[in-house]
Amino acid sequence: MAKGTVAYKIIRQHLVSGKMNPGEEIAIRIDQTLTQDATGTMAYLELEAMGIDRVKTELSVSYIDHNMLQTDFRNPDDHKYLMSVAKRFGIWLSKPGNGICHQIHVERFAKPGKTLLGSDSHTPTSGGVGMIAIGAGGLDVAAAMAGEPFYLKMPKIVGVKLTGKMPDWVTAKDIILELLRRLTVKGGVGKIFEYFGDGVKELTVPERSTITNMGAELGATTSVFPSDEITRAYLKAQGREQDWIELLPDPDAEYDEVIEIDLNQLEPLIAQPHSPDNVVPVREIEGVKVDQVVIGSCTNSSFVDLTRSAKLLEGQKVHPDVVFAVAPGSKQALELITENGELLNFLKAGARILETACGPCIGMGYAPPSGGVSVRSFNRNFEGRSGTPDAKVYLASPETCVACAIAGEVIDPRRLAQKTGAKWIKVDMPERFPYGDEAFIEPLPPEEAKGVGIYRGPNIKPLPPFDELPSDLEAKVALVVGDNITTDHIMPAGAKILPLRSNIYAISEYVYHYVDPDFVKRIKSIADAGYAGVIVGGENYGQGSSREHAALAPRFLGVRAVIAKSFARIHHANLVNFGIVPLELKNPSDYERFSLGDELIISDLREALQEGREVKVLNKTTGEEILCRYNLTPYQIEVLLGGGRLNYIKNKQRESALS
Ligand code: MIC
Ligand code: SF4
């Protein structure tokens, strides 16, 4: 039961209900929340629907960092909506230009020992300072702002023991790529990764945050580092020493599992297209011609990353065939490299400087050329995510990225250093960071906040109402997909679709857009004929982004159940939140028994869920009966029966008003 670990201690302190046995449902109190603009508009529409007067958390922050293209009124209208909501409900607002939510949260707000729930899958980044930071759907985050606890299955706590010292040219990114190589994108489902051992002392807070950030790609619930003297020095340099507490594992702490990484043995690694776990040593794929390189994203755009990359570029030129860009993760990091003069190294080498935002990571500009190779310091390389369907995106450390930009091909940075004489440098942390708080708007005092009107542009549409789960489902298979389907597949992002995040009617036209362009037409005709829609999937269905639109939009179109071999955590929760039943095949090979258009009968679904029985799915087209089970807590079953979490919360409020 992993007692004495950092994760156990924080969860124990925040436990509202349940027993901390792995797999059992627990509820925890949430101290802080974060949202970003792409998930935030929906989360705040949901918060509004909950009818509260002011957020009940210790701190809530609304960041604007994902969609900043502003090609027409829609996106700036969303920003104005977010600003007015923040004022109205007592929320901090981080204006566009301030940087990427996870980077800034670590810099300015993350606190050891606290809990954070964020409507973005990389929220665990703040685990780098010793907090339990979890990514969730917007509705869960809205509920946390309304004072509701967060429900989850108690994860296993996996200790990752770091020993030894990283050789030169090996970085924090290579540690997490090594874990992805060993464990794959589903290896972390139901687990918290807690780092311990002597090797922890080798890593600064931004480097720890690179690791906790990309733990999301393992499918983990979260990742956490201890809070030690390194954390203290970092928070002190941020002017926040008062936020520091020491939080170390007990000497006799027991982990549910232990994985060991000998840092001495690591070498520069790279994830090949199209999955973050398709990892090989960089030296094995040297020579692949590169068109584009970019350093940025919430994984690797900290002051440490930018400083070292800039130093390595000193006196060098970007290869003539390569376009190289840098998107600093935060205004603070950009200010520092401006003050230190390192920004000039990027410019002199021929780099393009992009805005401090998510940018190319979510396909908002800087798409690669047709069939192009892009080497990125990011965390995700799913097919099509860059905006170019046939691009080949590789993921590596910023240092490897710089080496590739100079060489014009994939190259092990150690070999480039031999050629150019570049020396590895240690980046010292500054005694004091430029806080860079100018782009934050502080919450208004309660009395003033009450008078604030909410701004709504014409693209902002309220949530549609959803009905209860019927007892019997007469359904049709609307789509059959394979393993590791991402929420980018289900609900793509990018410059065309992202401006529609606050308009469920418009965005639902793009569900499964690039996987099956006929999906929307098909599901609509299924719904019009009075059938429910069912999607059939493989393993790890819904991995990746936390975007609840990947559940909300299919539900809006008429999907009532997903039958899969297994589900990713956040998407599973989002399906429940919007009243779609996530059913797991009892026998995974039964996956073969479904084809597009099959007619299904799921009788007594409500009763089966209420009584904890397996669900029988009759494939009327083939005459076969298929057994499904489900991984649902009693609370989730209640939510599903009522047609989703918003209905559940509203009913609860109604009942308490009556009593
Ligand atoms: C992502 O990296 O996919 C995103 C964009 O940050 C998402 C959130 C979203 O889709 O808005 C995430 O990771 O949760
Ligand atoms: Fe933004 Fe990319 Fe990080 Fe998502 S993964 S929060 S899109 S930088």
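When a ligand or atom number is given, it counts from 1 through the structure's own listing order.
Looking only at heavy atoms of the protein, atom 11 (O) of ligand 1 is closest to Arg501 NH1, 2.7 Å. In terms of protein heavy atoms, atom 3 (Fe) of ligand 2 is closest to Cys298 SG, 2.2 Å. Scanning the protein for heavy atoms near atom 1 (Fe) of ligand 2, the closest one is Cys358 SG, 2.3 Å. When only non-hydrogen protein atoms are considered, atom 7 (C) of ligand 1 lies nearest to Ser545 OG, 3.1 Å. Counting protein heavy atoms only, atom 8 (C) of ligand 1 is closest to Gln36 NE2, 3.1 Å. Nearest protein heavy-atom contact of atom 10 (O) of ligand 1 is Arg547 NE, 2.6 Å. The shortest contact between atom 5 (C) of ligand 1 and any protein heavy atom is with Ile362 CD1, 3.2 Å. Looking only at heavy atoms of the protein, atom 1 (C) of ligand 1 is closest to Arg380 NH1, 3.2 Å. The nearest heavy-atom contact from the protein to atom 2 (Fe) of ligand 2 is Cys361 SG, 2.3 Å.
Nearest to atom 12 (C) of ligand 1 by heavy atom, out of Pro492, Ser297, Gly135, Ser121, is Ser121. Here atom 2 (O) of ligand 1 lies nearest to Arg385 when heavy atoms of Met364, His122, Arg385 are compared.
Taken to the nearest 0.5 Å, the SG atom of Cys361 stands 7.5 Å off from the NE2 atom of His122.
On a distance-only criterion, His66 and ligand 1 share at least one N/O pair closer than 3.5 Å. On a distance-only criterion, Ser546 and ligand 1 share at least one N/O pair closer than 3.5 Å.
Residue Asp120 touches ligand 2 through its side chain alone, judged by heavy-atom distances below 4.0 Å. Contact annotation: for Asn379 versus ligand 2, heavy atoms closer than 4.0 Å belong to the side chain alone. Residue contacts with ligand 1, taken as heavy atom pairs separated by less than 4.0 Å, do not involve Met42 at all. Looking at Arg385 against ligand 2, only its side chain comes within 4.0 Å, counting heavy atoms.
Relative to the ring axis of Tyr455, Lys80 places its NZ or CZ within 45° and under 6.0 Å from the centre. Because its NZ or CZ atom is both nearer than 6.0 Å to the ring centre of Phe466 and within 45° of the ring axis, Arg555 counts as a cation-pi partner of that residue.
Taking a 4.0 Å cut-off on heavy atoms, Met491 fails to register as neighbouring ligand 1. By the 4.0 Å heavy-atom criterion, His549 is excluded from the residues contacting ligand 1.
The residues Glu438 and Lys331 are annotated as salt-bridged, a charged nitrogen and a carboxylate oxygen being separated by less than 4.0 angstrom. One finds no salt bridge joining Glu548 and Arg645 here, because no Lys/Arg side-chain nitrogen approaches an Asp/Glu carboxylate oxygen to under 4.0 Å.
The aromatic rings of Phe324 and Phe346 sit tilted relative to each other, their planes meeting at an angle between 30° and 60°. Using cut-offs of 30° and 60° on the angle between ring planes, the pair His105 and Phe109 is tilted.
Close approach of ligand 2 to His102 (heavy-atom distance below 4.0 Å) involves ligand atoms 6 (S). Counting the atoms of ligand 2 from 1 in the order shown, those under 4.0 Å from a heavy atom of Ile362 are 7 (S). The atoms of ligand 2 that sit less than 4.0 Å from any heavy atom of His122 are 5 (S).
Judged purely by distance below 3.5 Å, without hydrogens or angles, the side chains of Ser397 and Arg308 never pair a donor atom with an acceptor atom.
Atom CD of Glu335 has more than 12 neighbouring heavy atoms from other residues, nucleotides or ligands inside a 6.0 Å radius.
Residue His66: no N/O/S atom is found under 2.8 Å from atom 1 (Fe) of ligand 2.
The shortest non-hydrogen separation linking Thr356 to Gly97 is OG1-O, 2.8 Å.
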